[in-house]
2 protein chains.
Amino acid sequence: MAKERVTVVDIARAAGVSKSTVSLVLQGSSLVNETTRAKVNAVIRELGYVYNRSAANLRQAKSKIIGIVVNDLTNSFFAELAVGVDAVVQSAGFVQFLANTGEKIERQREVIASMREHGVSGLIISPARGTEVRDLAPLVASGIPVVLVVRDIAEAGVSSLISDNHAGAMAAVRHLIERGHRRIAFLGGFPDTAVFEARMRGYRDALREAGMPTPDELIIGSAPSRAGGVTAIEQAMMLKERPTAALCFNDAVAFGVCDGLRARRLEPGADFAVIGFDDVIEAKTAVPALTTVSVDPQGMGDRAAQLLLKQINAGRAEPEAIVSPVRLVVRQSCGGTVERRVKEISS
Amino acid sequence: MAKERVTVVDIARAAGVSKSTVSLVLQGSSLVNETTRAKVNAVIRELGYVYNRSAANLRQAKSKIIGIVVNDLTNSFFAELAVGVDAVVQSAGFVQFLANTGEKIERQREVIASMREHGVSGLIISPARGTEVRDLAPLVASGIPVVLVVRDIAEAGVSSLISDNHAGAMAAVRHLIERGHRRIAFLGGFPDTAVFEARMRGYRDALREAGMPTPDELIIGSAPSRAGGVTAIEQAMMLKERPTAALCFNDAVAFGVCDGLRARRLEPGADFAVIGFDDVIEAKTAVPALTTVSVDPQGMGDRAAQLLLKQINAGRAEPEAIVSPVRLVVRQSCGGTVERRVKEISS
DNA sequence: CTTAATAATTGGAACGTTCCAAGTTCGTCA
DNA sequence: TGACGAACTTGGAACGTTCCAATTATTAAG
């Protein structure tokens with residue numbers, strides 16, 4: 001059953017031309033005569049030829065593979081990001097290598113190395129928690145185009161595309177203040193991440209702007225997951241002075257917060273205002289529909305891929321740091337029976 | 001900035017050995033002297049050598065890449081499946097190529113072709129809807145190990161790993177019957193898929209077994225998504241004889257059904273019993289926690305990867321069709337007994 | 001001290017493509 | 001008729017590895 005591999009030479013022989021001509025046909029060159037091309041293509045189909053990219057690559061040293069490294073594929077934000085990347089990358093004739101690091105630096109190191117060995121022409125990375133400049137240094141030094149998404153790493157010397165976490169958080173908190181809330185919590189997320197830091201700063205700045213205090217007890221970290229949201233809201237409700245609203249680190253946390261509220265017989269939206277962050281697909285259809293800061297993961301993936309392709313084509317480009325604007329999508333979970341509206345925030 | 005690539009020959013020269021020795025070191029061969037190995041490794045690190053897999057696999061025709069093709073990465077079931085595959089594949093020293101077909105046959109054809117060109121040593125495929133034997137024929141003929149997951153394709157002549165949809169659906173419906181339900185709906189999913197067909201048959205068989213009628217009006221298809229669940233339950237509640245319970249095509253649909261119930265001021269679990277299928281991560285933490293047929297996507301990915309690796313190592317193996325057992329996980333969404341609930345509603 | 005066995009190393013021929021410089025046809029123009 | 005160029009076609013040298021057979025260095029045995 002182990003058939004011999006059919007190569008360009010076999011095709012050439014069968015079609016009565018030289019291997020060079022076959023190669024030209026494979027590349028769609030305009031140099032080759034129409035009838036020759038047809039004949040070669042016919043033979044290719046007939047013999048079931050499969051192009052060997054390893055061989056091609058070896059010769060031309062550019063691979064049509066781009067790599068995408070995400071820190072948590074089970075989080076649908078990243079899955080959607082990957083889908084966004086995939087779409088543009090595929091239509092540009094590239095194929096995507098996807099790896100999941102599960103937030104493990106060591107794994108991340110391995111997969112990046114592996115991708116380099118496979119000769120990827122560019123890399124989109126959503127870094128694992130705790131990634132440092134030196135983790136990326138060899139990669140950057142090699143000159144392979146890299147785009148960091150979601151989490152930026154200062155001084156890494158590569159392009160990045162992150163959402164405007166600070167402005168988004170401010171907008172959300174301002175909205176809660178406008179609705180009359182005075183005790184607003186910030187729930188969920190790991191405090192040692194840049195994203196947490198930016199969102200939390202936005203939260204603080206909005207409170208300060210309104211001349212309101214920012215008690216530390218109202219900032220409660222947790223795993224950035226649904227389960228984390230449950231524990232965070234539980235902790236918040238143990239306070240003697242309970243909050244009446246919360247900005248959550250992300251949508252997963254926000255859903256968990258809603259779950260936790262219901263477990264205490266409180267109705268999210270009615271008895272307690274909840275705002276999420278990211279606008280994952282389920283945010284729209286959940287009950288109550290989640291008010292959230294929309295980040296559009298697929299759109300981000302799309303833009304990241306565009307940026308990467310641009311750099312690949314340009315050869316060598318200056319790194320750009322793009323901050324992607326973000327908008328507050330007001331739905332039901334932040335209370336009342338408000339008409340749905342959308343606030344644009346420019347960054 | 002475009003540095004010259006450093007190759008084994010450069011390493012050999014710098015270390016004062018031959019390229020063959022360097023190659024041996026790279027492969028961790030025991031043939032090479034300890035001090036030589038150390039010296040070579042030092043030079044490798046010093047020069048920042050990157051192994052060129054294209055060249056290697058050109059020579060040895062086996063690639064350490066396995067491909068995974070999924071039909072919908074935004075569905076967390078498949079994302080988790082991919083994570084499960086990734087884990088075992090990585091620890092076996094392989095790297096995974098992941099592509100998302102978005103249920104498009106054409107795209108699926110392209111990505112499979114692309115993976116073959118890259119010389120993958122095996123492929124795990126969750127086929128797009130409507131995939132036929134002939135779509136896979138050339139792949140199968142090539143002798144590359146293939147494992148189909150989630151959706152089987154009869155007569156394709158490759159291994160498959162699917163969950164026991166029929167038994168799972170039966171168990172779920174039996175459970176609802178035991179709780180006293182008499183009008184049980186089957187909600188969501190596309191009727192023209194094998195998975196739908198199997199789950200629906202299980203639903204029917206359980207009803208028949210209990211001597212209950214199976215009215216077609218209670219079987220309502222929809223997109224297998226949260227939004228689909230909302231529309232399906234709405235349609236079900238328009239019936240003059242409403243159901244009191246539903247087995248849903250999958251968890252996403254079940255969540256949508258819960259959303260739809262709440263929109264009608266009905267509490268899932270208390271006023272209406274909902275059972276899902278798949279047991280995605282959120283099922284456990286949702287409120288109410290979702291009763292569901294547990295399929296354990298990561299475990300399936302794990303097993304699929306094992307199966308594939310076995311075939312890769314065995315060279316040529318007989319295709320196996322594995323039906324993965326499934327269990328009903330009873331949580332809160334299927335509520336108490338109907339008697340009690342009826343009382344509560346009428347009082 | 002020779003010989004055999006073992007351990008370590010090595011040069012060169014693959015692998016299947018692309019690219020280059022050079023070749024062949026063939027029609028056209030003077 | 002011959003020269004010229006356009007339109008194709010082509011042989012062979014890369015590309016960076018691995019693998020084989022062969023070589024050299026080292027140790028053990030006689």
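First the proteins, then the strands, lettered A, B, ... as listed; each starts at 1.
- Counting to the nearest Å, the C1' atom of D:dC8 and the CG atom of A:Leu24 are 9 Å from each other.
- Spacing between atom CD of A:Glu34 and atom P of D:dA6 amounts to 21 Å, rounded to whole angstrom units.
- Considering B:Val146, B:Val70, B:Val149, B:Leu98 as possible partners of B:Ile124, the one that fulfils the side-chain contact (heavy atoms from CB on, under 4.5 Å) test is B:Val149.
- Applying the 4.0 Å criterion to OP1 and OP2 of D:dT17, one finds that B:Gln27 has every side-chain N and O outside that range.
- No engagement by A:Ser54 is indicated, since no non-hydrogen atom pair under 4.0 Å with the nucleic acid exists.
- In this structure, a donor-acceptor pair under 3.5 Å is absent between the side chains of B:Ser63 and B:Arg53.
- In this structure, the nucleotide among C:dG12, D:dT9, C:dT17 sitting nearest to the side chain of A:Val9 is C:dT17.
- Taking atom CD of residue B:Glu117 and atom P of nucleotide C:dT18, one finds them 11 Å apart after rounding to whole Å.
- For the pair A:Leu31 CG and C:dC20 P, the computed distance is 12 Å after rounding to whole Å.
- Heavy-atom neighbours of B:Lys39 NZ from other residues, nucleotides or ligands within 6.0 Å: above the threshold of 12.
- Taking the six-membered ring for Trp and thresholds of 30 and 60 degrees, B:Phe97 and A:Phe97 have nearly parallel ring planes, at less than 30 degrees apart.
- With respect to A:Arg109 and A:Asp135, no salt bridge is recorded, no charged nitrogen being found less than 4.0 Å from a carboxylate O.
- The nearest whole Å value for the distance from the CG atom in A:Asn57 to the P atom in D:dT17 is 13 Å.
- The nearest whole Å value for the distance from the CZ atom in A:Arg13 to the C1' atom in D:dG11 is 15 Å.
- The residue A:Thr7 sits close only to the backbone: its heavy atoms come under 4.0 Å of sugar-phosphate atoms, none of a base.
- Across the interface with DNA chain D, nearest-nucleotide mapping of A:Val17 and B:Ser23 shows A:Val17 to be the residue nearer the 5′ end.
- Between A:Ser20 and D:dG12 there is no side-chain polar atom (N or O) within less than 4.0 angstrom of OP1 or OP2.
- For A:Arg59 and C:dT17, a side-chain-to-base donor-acceptor distance below 3.5 Å is absent, hydrogens and geometry of angles not being considered.
- Taking only side-chain nitrogens and oxygens, B:Thr36 comes nearer than 4.0 Å to OP1 or OP2 of C:dT9.
- Side chain A:Ser18 to base D:dG11: no donor-acceptor pair is found below 3.5 Å.
- Distances were taken from every side-chain heavy atom of A:Val8 (C-beta onward) to each of D:dG16, C:dT17, D:dT10; the shortest belongs to C:dT17.
- Taking atom NZ of A:Lys19 as the reference point, atom C1' of C:dT18 lies 9 Å away to the nearest angstrom.
- Of the candidates D:dT17, C:dG11, D:dC8, D:dC8 carries the atom nearest the A:Asn33 side chain, counting heavy atoms from C-beta on.
- Between A:Gln60 and C:dT17 there is no side-chain N or O to OP1 or OP2 distance below 4.0 Å.
- B:Leu58 has its CG atom 11 Å from the P atom of D:dT18, to the nearest Å.
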